[in-house]
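Encoded as structure tokens, the structure appears first; notes follow it.
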Amino acid sequence: QVQLVESGGGLVQAGGSLRLSCGYSRRTFSMYAMGWFRQAPGKEREFVAAISWSGGTTYYVDSVKGRFTISRDNAKDTVYLQMNSLEPEDTAVYYCAATPTSDSSKYYYLSPNYAYWGQGTQVTVSS
């Protein structure tokens, strides 16, 4: 059964914005932190951002700090990734993922720690 569903990808010009959404099952992912990863052609999957269950703590890879914002609305069972000032280097398939809460901030940067993944949504940024 599908438990994480991404949407919002598309084609945008450099400098533009997109907002990705990921719907999740509250019954399955109660108290889970959520993350966004991306994978460009020929490259390994890369951590982008993560957010705690409460939404009070966020983590970002350096390359997106100041441009991307992760947020969540637990009442709507949805996590978002607002992407501004997009660059061609942001072109990738973006994946939503869920992981149990950890006290270690480094934990959230590692894809093997996420047991649940969405199917991915393509983001293409043209120059």
- Task: Report the relative orientation of the aromatic rings in Phe68 and Tyr94; use parallel for angles under 30°, tilted for 30 to 60°, perpendicular for over 60°.
- Result: tilted

- Query: Val61, Leu20: one ILVMFWY side-chain cluster at the under-4.5 Å cut-off?
  - Reply: yes

- Query: Listed by chain and number, what are the side chain to side chain contact (heavy atoms under 4.5 Å, CB included) partners of Glu87, not counting sequence neighbours?
  - Reply: Arg67, Glu89, Asp90

- Message: Quick check: closest heavy atoms across Lys43 and Gln39, and the distance to 0.1 Å?
- Response: O-NE2, 3.1 Å

- Query: Between Phe29 and Tyr24, what is the ring plane arrangement, given parallel below 30°, perpendicular above 60°, and tilted in between?
  - Reply: perpendicular

- Task: Could you grab the distance from atom CD of Glu46 to atom OG of Ser63, nearest 0.5 Å is fine?
- Result: 5.0 Å

- Task: Apply side-chain contact (heavy atoms from CB on, under 4.5 Å) to Ser102 and Asn113, showing your working.
- Result: CA-CA 10 Å; Ser102 171; Asn113 293 332; over 6 Å; no

- Task: Give a yes or no on whether the backbone of Ala75 and the side-chain of Arg26 come within a donor-acceptor separation of less than 3.5 Å.
- Result: yes

- Query: Any donor and acceptor pair, going by atom type alone, linking the side chain of Thr101 with main-chain N or O of Met31 inside 3.5 Å?
  - Reply: yes

- Task: Provide the closest heavy-atom pair for Pro100 versus Tyr108 in the form atom of the first, atom of the second, distance.
- Result: O-CE2, 4.3 Å

- Query: With no hydrogens and no angle check, is any side-chain donor or acceptor of Ser52 less than 3.5 Å from a backbone partner on Thr57?
  - Reply: yes

Check: residues 120-127 side-chain donor-acceptor pairs under 3.5 Å, at least two apart:
residue	atom	partner	partner atom	Å
Thr121	OG1	Gly9	N	3.2
Gln122	NE2	Ala92	O	3.4
Gln122	NE2	Thr124	OG1	3.3

- Note on the structure: Output for pair (Phe47 CZ, Trp36 CH2), nearest 0.5 Å, gives 12.5 Å

- ring pair (Phe, Tyr, Trp, His ring centres under 6.0 Å) assessment of Tyr114 paired with Tyr95: CA-CA 11 Å; Tyr114 292 76; Tyr95 297 91; over 10 Å; no

- Item | Tyr107 atom OH: more than 12 heavy-atom contacts under 6.0 Å | yes

- Supply the atom-to-atom distance Ser21 OG to Arg72 CZ, rounded to the nearest 0.5 angstrom. 13.5 Å

- Message: Applying a strict under-4.5 Å side-chain criterion to I, L, V, M, F, W and Y, I'd like to know whether Val48 and Leu86 cluster together.
- Response: yes

- Report whether Tyr59 and Phe37 are members of the same hydrophobic cluster (ILVMFWY, side-chain heavy atoms less than 4.5 Å apart, transitive linking). yes

- Shortest non-hydrogen contact from Val79 to Ser71? CG2-O, 3.1 Å

- Task: Report the distance from atom CE of Met83 to atom OG1 of Thr69, rounding to the nearest 0.5 Å.
- Result: 11.0 Å

- Note on the structure: All heavy atoms of Met34 vs all of Leu4, minimum pair found to be CE-CD2, 3.7 Å

- Query: What distance separates Trp53 CH2 from Asn74 CG, expressed to the nearest 0.5 Å?
  - Reply: 4.0 Å

- Cluster question for you: counting only ILVMFWY and a side-chain heavy-atom cut-off of under 4.5 Å, with indirect links fine, are Tyr32 and Tyr109 together? yes

- Item | Inter-residue atom distance Glu6.CD - Trp117.CH2, 0.5 Å rounding | 9.5 Å

